[in-house]
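Just below is one structure, and these are the notes that go with it.
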Amino acid sequence: MDKDHLIDLISNSLLYESKDSESNRNISDFKNYLERLNLEQLRAMSKEFIL
């Protein structure tokens, strides 16, 4: 899996869509955090949250 796919899987498994602007900002902040991680870190995280 590539980095973008892992970021989408992790963020979608943890967060739900909301019309609340604060929730949207939190989702954006979380995705920015995930983008700073390397591929191995994302793979480890995906195993924790998705499985």
Side-chain angles (χ1 to χ4, degrees):
M1 256 185 244
D2 67 355
K3 187 173 179 175
D4 291 333
H5 191 228
L6 283 171
I7 290 170
D8 286 340
L9 284 174
I10 294 167
S11 61
N12 289 336
S13 70
L14 296 175
L15 303 169
Y16 61 93
E17 289 194 33
S18 173
K19 294 181 182 177
D20 184 318
S21 63
E22 182 69 21
S23 293
N24 288 334
R25 188 176 64 84
N26 290 339
I27 291 168
S28 178
D29 290 345
F30 184 70
K31 283 189 173 186
N32 288 335
Y33 164 74
L34 292 175
E35 288 174 3
R36 290 190 302 266
L37 299 176
N38 66 41
L39 191 54
E40 288 303 314
Q41 291 169 315
L42 288 169
R43 285 180 179 153
M45 187 180 282
S46 71
K47 290 177 185 175
E48 294 291 323
F49 290 109
I50 295 171
L51 298 176

Open item on the list: Minimum heavy-atom separation for Lys3 and Glu35, please, with both atom names.
Closed with: NZ-O, 2.8 Å
Open item on the list: Applying side-chain contact (heavy atoms from CB on, under 4.5 Å), can you list everything that pairs with Leu37, at least two apart in sequence or on another chain?
Closed with: Tyr33, Leu34, Gln41, Leu42, Met45
- [ ] Check side-chain contact (heavy atoms from CB on, under 4.5 Å) between Asp4 and all other residues, then give those that pass, not counting sequence neighbours.
- [x] Asp2
Task: Between CZ on residue Arg43 and CG on residue Asn38, distance to nearest 0.5 Å - done: 9.5 Å
